[in-house]
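Here's the structure we're looking at; comments come further down.
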2 protein chains.
Amino acid sequence: MLNNQQAEESGRAQLDSVFQALTDPTRRAIIVRLCQGPASVSELATPFAMSLPAIVQHLQVLENCGLIRTEKIGRVRSCSIVPGTLRFAENWLAARRTPAERRLDRLEAFLESDDPQTVTTGQQGTRQLGETNE
Amino acid sequence: MLNNQQAEESGRAQLDSVFQALTDPTRRAIIVRLCQGPASVSELATPFAMSLPAIVQHLQVLENCGLIRTEKIGRVRSCSIVPGTLRFAENWLAARRTPAERRLDRLEAFLESDDPQTVTTGQQGTRQLGETNE
DNA sequence: CTGATTGTTAAGCACATACTTAAGTATCGG
DNA sequence: CCGATACTTAAGTATGTGCTTAACAATCAG
């Protein structure tokens, strides 16, 4: 089996595995859940009509590409996101923006920063384009 | 064959197919190329040690998920990106940011807009975190 | 018209992915 | 110690993915 800190693949290979991981709706839902804080394997499994081994396999995919980190304490394995890895994929996409899009982005960021609530609460006061969750 | 404006899948299914499409390094390289402007099928194929049908299959994947659009004129099929679809995936990732990350983003956008070169040239005057191309 | 270019269709193959069930192992509570 | 909890391991299966080759179709240039 692979060791857990092996996710130091170089560039292309990691992008492969991260996008691959995000392909699956179950895995994306797990990511969404973990963005709200750590959870155990069985906590993560409950929302899904799927066997526990299936969930564990999804978690292994997420861990192998560096999207999550897990730690076993006693008989419970606690899972949490590694935020930087999501940003890694996001930055690749951001680099594909057109110049016009880049200008619009800065405008949006400016408007967003105009609202102090957004900064302090951390919840989306301003809706993004596209969907924000599933 | 599927019609081209079919990519009106609802939310989850489109995210599936977009991330799925971005998994493959060949398809990502095609996207990178098309972000610099339209190209024909054989133009897109030349950099790769792969048969033409293989490239066409990749293009079909990209078109079916709405990442690119193609038009056949005479015997040449011209391919171009659909920028909004990349943004769709990017926005999903952006919605998974932590509050701290959101604050940092606005700071970056502010610093970026401080440099008029960046705005007019459209090339990255400021390097993003992570890699910007392959 | 003819032959070269540009792409298309179809069939098939090797390997990966997303599950399943069945049978473990390890910890904890009493 | 003993049974319940929380995973873990192994093996198997159905379907999907990324290619290949071979043969075909359509257009353009001379």
Under a 4.5 Å cut-off applied to non-hydrogen side-chain atoms, are [X] and [Y] in contact?
{"X": "A:Ile68", "Y": "A:Ile31", "result": "yes"}
{"X": "B:Phe19", "Y": "A:Asp24", "result": "no"}
{"X": "B:Leu34", "Y": "B:Cys79", "result": "yes"}
{"X": "B:Gln20", "Y": "B:Asp16", "result": "no"}
{"X": "B:Val18", "Y": "B:Trp92", "result": "no"}

Interatomic distance, B:Arg28 atom CZ to A:Leu93 atom CG [nearest 0.5 angstrom]:
10.0 Å
Out of curiosity, B:Arg33 CZ to B:Glu43 CD, how far, rounded to the nearest 0.5 Å?
6.0 Å
Measure the distance from [atom1] on [X] to [atom2] on [N] and round it to the nearest whole Å.
{"X": "A:Asp16", "N": "D:dT17", "atom1": "CG", "atom2": "C1'", "value": "13 Å"}
{"X": "A:Leu59", "N": "C:dT17", "atom1": "CG", "atom2": "P", "value": "16 Å"}
{"X": "B:Gln20", "N": "D:dG16", "atom1": "CD", "atom2": "P", "value": "11 Å"}
{"X": "A:Asn64", "N": "C:dA16", "atom1": "CG", "atom2": "C1'", "value": "15 Å"}

A:Ala21: which residues meet the side-chain contact (heavy atoms from CB on, under 4.5 Å) condition with it, sequence neighbours left out?
A:Arg27, A:Val61, A:Leu62, A:Cys65, A:Leu67
Which residues in residues 43-58 of chain B have at least one heavy atom lying under 4.0 Å from any atom of DNA chain D?
B:Met50, B:Ser51, B:Pro53, B:Ala54, B:Gln57, B:His58
Scan residues 71-78 of chain A against DNA chain D and write down, sorted by residue number, each residue with any heavy atom closer than 4.0 Å; if none is found, say none.
A:Lys72, A:Arg75, A:Val76, A:Arg77
Per atom distances to the B:Arg27 side chain, the nearest of C:dG7, C:dT17, D:dG18 is D:dG18
